[in-house]
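Hydrogens, waters and symmetry mates are skipped; everything else that's a heavy atom, side chains included, is used. A quick note: this is a predicted structure, and the numbers were derived from the prediction, not measured.
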Amino acid sequence: MSLVSEFAPLFGAGLVSVLAFRRMGLGATLGFLVAGAVVGPQVLGLVGDAEDKLTFAELGITLLLFLVGLELSPSRLWQLKRDIFGVGLLQVVLCGIAVTGLAGLGAGFSWPAALALGLPLALSSTAQVLPMLQSAGRLRTPFGERAFSVLLFQDLSIVPLITIIAALSRNPADAAGPPGWQLGLYTVLAVAGLILAGRFILGPLFRLIGNLGEREMFVFAGLFTVIAAAAIMEALGLSTALGAFVAGVMLADSPYRHELEADVEPFRSILLGLFFLAVGMMLDLSAVAARPGFVIGMALALVAVKAGVIFAIGLAFKMSWRQALAMGLLLSQGGEFGFVLFAQAQNAYLIAPEAASVFGAIVTLSMATTPFLMMFTKRFRSEPAAGDGQSLEPPRHDGASAIVVGYGRFGQTVAQMLIAQGLSVTLIDRDPEIIETGGKFGMKVYYGDGTRLDLLRLAGAEDAELILFCLDGDQVSTDLLELVAHGYPDATVMTRVFDRRAIIALKDAPVAGLFREVYESAIQMARQALRAVGVDDGEVDRSEDDYRRMDAKRLGIQVEAGDIYAARDVVFSQARQRKLREKAIAAQAGEQQG
């Protein structure tokens, strides 16, 4: 069967199933899992080779961790060290011990086998939890960051878990594998190498691509960064997702961050959906049918034990009971790395192939419970409103009050006046030279096309009070402004325009202000010129007022007619100015008589 013939029913089933499950409020993950199980070899048999697709789709997890890394600068990551090495360490250790005991005492496995099963089951599903946090808008909240810290430590723990399974191995071939200390050294060296590459290679590479102005090359370079970092880790026998995460963190402070997010995000979404479809295809229904009570019972016991342990850890770290419960339920499922570690335990002769299939099914079923748990417990987990009407856990967002698109000579003046009044401003420009120049003056300018809605969203447009287009020429259209106003209705939108033709073209645009780029500076030059030839200040002021009124009247007629040649008789001149002056004097005299 060709690749196209396989992917057509797979994606079709995924689309229908996700739409149905989202409508029921159960989320996309469960929809993908069910769709994969239905079209997979266990039911309809429309698609085969689930393991091959799973290997390919794991790139989705890698891209997910890269995007999360872009959200966390090294300084922010350092602030999370207590949660990573405190809450995360306790979660892996205590859940590992508890689930090992469950497998040993409850299921009757030998202790080496119980350890090989229990430790992988202590890990949660990064691929499931992070999208849930993102879709709920909680990834950047204190709760979301604590949950992510636990997931990050779980990713770091892959190395010691591999080492433990290798140490317990009964397979003589594993004796030639690298010792644990060597894997640890590989991890440190690989992370250090990625940090150096991010500083000395990736920055100049993206600057070069930015100068070329080809978006396709930027997408290609972003994907190359992720895949190369993952490949280095895989070659060393380490976590590919960890490598991608480190690469993301190294670029978190880069001016190219938003453009990278916007370009990589669609690939992440597609591959992550494919990952869950492949996990559903791998669900061994024959193993479930052979021992339904054991599989379902162990899946429920796994969820209950992990939720209880994480709930207790959360309370120990002074989380409210609602937040601790939410974190326990959110991280209660088994994770995707369980499949990898079960395969290693099988190769190490610690568990039989049948046990690997059964516990793979247990992991899949536990993942299916999470959407139900989060839906049915929402009323208990929700924080009560504080006295001021605000949530007890307000979002901590690095978005700005204003987004200035275009940091040339016009945008610089606008941005600096906003900053002088204490407003936080996000600056976006497509010129790498402007980005470098801004950096020399202490300004953080992000690379990207600010007319793209996805990039504006990633730059924080949903929270911004102002979106100001300061682009040169006629790059802003009515269609774009309508999309921006519809997508971000709470933001005041203003734009720079080239001339009065552009104002006429944008007459129906939903904007708070249109500003001709040389209008004010031309008036200021005229004022200085009049003073230079001896015209007194009072007359200069009157001349400016007369011009502004006449120009506004003429522009209004042109906009209404949609024609630049309308109101040709309404031209500011000496005679026109004299007539306006006489009219104003007559009006003033009439008011005095009245």
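- The number of heavy-atom neighbours closer than 6.0 Å to CZ of F220, taken from other residues, nucleotides and ligands shown, is 12 or below.
- When all heavy atoms of S543 and L530 are compared, the pair lying nearest together is OG-CD1, 4.2 Å.
- Put simply, the side chain of V405 does not reach to within 4.5 Å of the side chain of C470, judged on heavy atoms.
- In this structure, F206 and T225 approach most closely via the heavy-atom pair CZ-OG1, 3.7 Å.
- Side-chain contact between L152 and D83 is absent, with no heavy-atom pair separated by less than 4.5 Å.
- Classification of D474 and R501 as a salt-bridged pair fails, no side-chain N sitting under 4.0 Å from a carboxylate O.
- Taking 4.0 Å as the cut-off between side-chain N and carboxylate O, R516 and D499 do not count as a salt-bridged pair.
- Residue L456 is tested with T451, T426, L483, I403 for a side chain to side chain contact (heavy atoms under 4.5 Å, CB included); the sole match is I403.
- Put simply, the side chain of Y488 gets close to the backbone of L453: a donor and an acceptor are under 3.5 Å apart.
- Using a 4.5 Å heavy-atom cutoff, the side chains of V87 and M327 are in contact.
- A donor-acceptor distance shorter than 3.5 angstrom exists from the side chain of S424 to the backbone of S401, with no hydrogens or angles considered.
- Checking D472, V414, L471, V476 one by one against R496, the side chain to side chain contact (heavy atoms under 4.5 Å, CB included) holds for a single residue, D472.
- Two residues are said to be in side-chain contact when any heavy atoms from C-beta on lie closer than 4.5 Å; L468 and L418 meet this criterion.
- Proximity of R500 to V559: side-chain heavy atoms (C-beta onward) are nowhere separated by under 4.5 Å.
- Closest non-hydrogen pair, I434 versus G408, comes out as CD1-CA, 4.3 Å.
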Open item on the list: Determine whether V518 and F498 satisfy the following criterion, side chain to side chain contact (heavy atoms under 4.5 Å, CB included), listing intermediate values before the conclusion.
Closed with: CA-CA 8 Å; V518 297; F498 184 71; over 6 Å; no
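- When all heavy atoms are compared, the tightest approach of E560 to K507 is O-NZ, 4.2 Å.
- Looking at T495 and F515, their side chains never come closer than 4.5 Å, going by heavy atoms from C-beta outward.
- Note on E520 versus R548: salt bridge recorded, some NZ/NE/NH1/NH2 to OD/OE distance being below 4.0 Å.
- Salt-bridge formation is not detected for the pair R457/E462: no Lys NZ or Arg NE/NH1/NH2 atom is positioned less than 4.0 Å from an Asp or Glu carboxylate oxygen.
- Screening R542, R531, R527 for a salt bridge (charged side-chain N to carboxylate O under 4.0 Å, His left out) involving D537 leaves a single residue, R531.
- Among all heavy-atom pairs drawn from T492 and A512, the shortest one is CG2-CB, 3.5 Å.
- Atom CD of E433 has 12 or fewer neighbouring heavy atoms from other residues, nucleotides or ligands inside a 6.0 Å radius.
- E259 and R430 are not joined by a salt bridge, as no carboxylate oxygen comes within less than 4.0 angstrom of a charged side-chain nitrogen.
- The ring of F245 has its center closer than 6.0 angstrom to the ring center of F148.
- Remark: R452 engages D263 in a salt bridge, criterion side-chain N to carboxylate O under 4.0 Å.
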